[in-house]
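For reference, the structure is listed below as structure tokens.
Quick note on labels: first sequence line is chain A, next is B, and so on, each numbered from 1.
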Amino acid sequence: MTIVSTEPDEELELPEQMQIRRDKRNKLAAQGLDPYPVALPITATIASVRLQFPDLEIDVQTGIKVGLAGRVIFVRNTGKLCFATLRAGDGTEIQGMLSLAKVGEEALDQWKSLVDLGDHVFIAGEVITSKRGELSVLADTWTMASKSLRPLPVAHKPMNDDSRIRQRYLDLIMRPEARQMAQTRITAVGQIRRSLEARGYQEIETPMLQTMHGGATARPFITTSNAFDLQLFLRIAPELFLKRAVVGGMERVFEINRNFRNEGSDSTHSPEFAMLEFYQAYADYREMAKLTRELIQEAAQAVFGSQVVTHMDGTEHDLSGEWREVSLYGSLSEAVGEEITPQTPRTRLVELAKSVGLEVGTTWVEGKIVEELFEHHVISTFDGQPTFVMDFPIDTSPLTRDHRSEAGKVEKWDLYINGYEQATGYSELVDPVVQRERLMEQSALGARGDVEAMKLDEDFLRALEHGMPPSGGVGIGVDRLLMTLTGLGIRETILFPLVKPERA
RNA sequence: GGGAUGCUAGCUCAAUGGUAGAGCUGCGGACUUUUAAUCCGUAGGUUCGGGGUUCGAGCCCCCGGCGUCCCA
């Protein structure tokens, strides 16, 4: 450990309140009281005390002694009797009481002069209720558990959004909804793991640093290995490695982990985001759609005790039962009033796009135009209802197998909930010859300037050539699932989302 | 990418182009049953950064930074 003090210069610039807290820290040390003790004789949690004494009468002495710690969030000091509300990390609270009679004059004076809002303190004493009936610990002794050198935000006004996200720890301290959001994520992701494991799935971890990125169309983050003198990519999807695992005989695998895409962020996109992908040998996309619905319903059940989801704004969304299916081409045809098929000429698609103000990118293939038209015309008609959109164009889905009965389409669905894409599922393309052709087409697109086109991954193709069982696969955006469950933006579902530095 | 809008005390916010204020927090004092304790007193500012207009800029103009909302 290095001890380098730059204090004298810094101290001159500190805001008064921070300087005062530093002074208190130093006073504690000067009085032989460690402001950051290494261990405390804790015998109970705040939650356990509340659980043990759920409804005591007013002004009761239990005779039970406990030692517990918490963060001071309110203080009410009177002359010879002091009150403080202590809060634990789980949000549970209990009142600490310090009386002159019990702790003595020196300890009481130290309490009043050295404890600030935000400090962690340890209190040892008897569990009682006050004359107003508040469950309390009447201290025999108190100890500083950790001196806070910065003031907390005011408890009675909402912090601004920027501070809440940049300093999520403060958000978690101050706002029950922030703690609840974190807990909701834990519950939902835990349930997904249990649901998949209950169906015989195994969780594995595949590379985040990849020598070739694949499995999706997106721009990657690029980095370098110094030791290997090698350009590496942060993965945009785990798909190609999970499929290698299926080739290797892991017939039901899933991974919950981070993907990275070098794009902007908005209320539904983050440059790094959590993705669940799962693959099941001998399943097709319809079977995977059913499993996807069950996973989301079971996650909702775990969080809310119901498949009717209640957002934080109070609105309810029913996720129970079967979910609607619409055909991509069919629903688009209906919306534009003419039959659109994979055989519709590009010139007609471009006309339709222009007629609604869509600018057709120079690298767009026909399927891309169809998908954009679909998003423009159809998604708003879903009314937020969970909807599987079935059967996509071939040329935008290079990893999906041809439709078993409809030319020009692949067996792929997208799931929309509340108007945004929540999940996607395939009957996976396992024919290595066709897969090579598809990736060759992607390479051609790349050569024409499409920076998102997939690369030709020879090692992946070699794995396929060893024979991958017919399989279904699904990707579910975990952050978006949390958005579906809570109604919040993606930056609320991610505990520490990427934010630009405050000073350039 | 385009448009709108915001950045002021530790926090949340005020302030016709004319002396930068309030509440909470802090500090000093009173109080042995408080619950956002109360009461008395008091301190606290590079108004995001840079440039310009003006007798005078938190406010108007330009450039930059960091957000938020809407649109594509």
Rounding to the closest angstrom, what is the interatomic distance between B/G21 and B/C63 at atom P?
32 Å
What is the separation between atom CG on A/L488 and atom C1' on B/U68, rounded to the nearest whole Å?
16 Å
Just name whichever nucleotide pairs with B/G28, Watson-Crick or G-U, keeping both distances under 3.5 Å, else none.
B/C40
Expressed as a whole number of Å, how far does the P atom of B/C71 sit from that of B/U16?
32 Å
Let's test this: given Watson-Crick or G-U wobble pairing with both distances under 3.5 Å, identify the partner of B/C11.
B/G23
Under a 3.5 Å cut-off for both contacts, is B/G6 paired Watson-Crick or G-U wobble with anything, and if yes, with which nucleotide?
B/C66
Span that lies between the C1' atom of B/A20 and that of B/C59, in whole angstrom
12 Å
A/T400, A/D414, A/T292 screened by side-chain contact (heavy atoms from CB on, under 4.5 Å) with A/T424, the one that passes:
A/D414
To the nearest angstrom, the CG-P distance between A/D119 and B/U25 comes to 15 Å
Atom pair distance, as rounded to whole Å: CG in A/D59 and P in B/U33:
12 Å
Could you let me know what B/G45 is paired to, Watson-Crick or G-U wobble, both distances under 3.5 Å, or none if it's on its own?
none
Pick the P atom in B/A43 and in B/G2, then give their distance to the nearest Å.
49 Å
If you define the side chain from C-beta out and look only at heavy atoms, does anything of A/V326 sit under 4.5 Å from A/F382?
yes
What is the nucleic acid contact for A/K112, judged by heavy atoms within less than 4.0 Å: base, sugar-phosphate only, or nothing?
nothing
Suppose you measure atom P in B/A37 against the same atom in B/C24; what distance do you get, rounded to whole Å?
11 Å
Taking atom C1' of B/C11 as reference, at what distance in whole Å does atom CG of A/D162 sit?
14 Å
Donor-acceptor side-chain pairing of A/R185 and A/Q180 below 3.5 angstrom:
no
Which part of the nucleic acid, if any, lies within reach of A/K157 when heavy atoms closer than 4.0 Å are counted: base, sugar-phosphate only, or nothing?
sugar-phosphate
What is the distance, rounded to the nearest whole Å, between atom CZ of A/R166 and atom P of B/C66?
9 Å
Quickly work out the A/I20 CD1 to B/U42 P distance and round it to whole Å.
17 Å
Residue that, paired with A/W413, satisfies ring pair (Phe, Tyr, Trp, His ring centres under 6.0 Å) out of A/F392, A/F388, A/Y426
A/F388
Distance between P atoms of B/G52 and B/G10 (Å, rounded):
28 Å
Stretch residues 74-98 of chain A: residues that reach within less than 4.0 Å of RNA chain B through a heavy atom:
A/F74, A/V75, A/R76, A/N77, A/T78, A/G79, A/K80, A/L81, A/F83, A/Q95, A/M97
Using the P atom as the reference point in each nucleotide, state the distance between B/A57 and B/G51 in Å, no decimals.
13 Å
State whether A/N160 places a side-chain N or O below 4.0 Å from either non-bridging phosphate oxygen (OP1 or OP2) of B/G67.
no
Given that A/S130 and A/K500 both sit by RNA chain B, which one's nearest nucleotide is further toward the 5' end?
A/S130
Rounding to a whole Å, what distance do you find between A/I173:CD1 and B/G10:C1'?
14 Å
Rounded to whole Å, the NE2-P distance (A/H156 to B/A36) equals 8 Å
Nucleotide of B/U33, B/U12, B/G44 approaching A/E16 most closely (side-chain heavy atoms):
B/G44
With a 4.5 Å limit on heavy-atom distance, are the side chains of A/K409 and A/P393 in contact?
no
For A/R164, which contact category applies under a 4.0 Å heavy-atom criterion: base, sugar-phosphate, or nothing?
nothing
State which of B/G23, B/U32, B/G26 makes the closest approach to the side chain of A/V154.
B/G23
For B/G56, the Watson-Crick or wobble partner whose two distances fall under 3.5 Å:
none
Between the side chain of A/R25 and the main-chain N/O of A/K147, is any donor-acceptor distance below 3.5 Å?
no
Side-chain N or O of A/R21 less than 4.0 angstrom from OP1 or OP2 on B/G10?
no
Which whole number of Å gives the distance between the P atom of B/C55 and that of B/G28?
48 Å
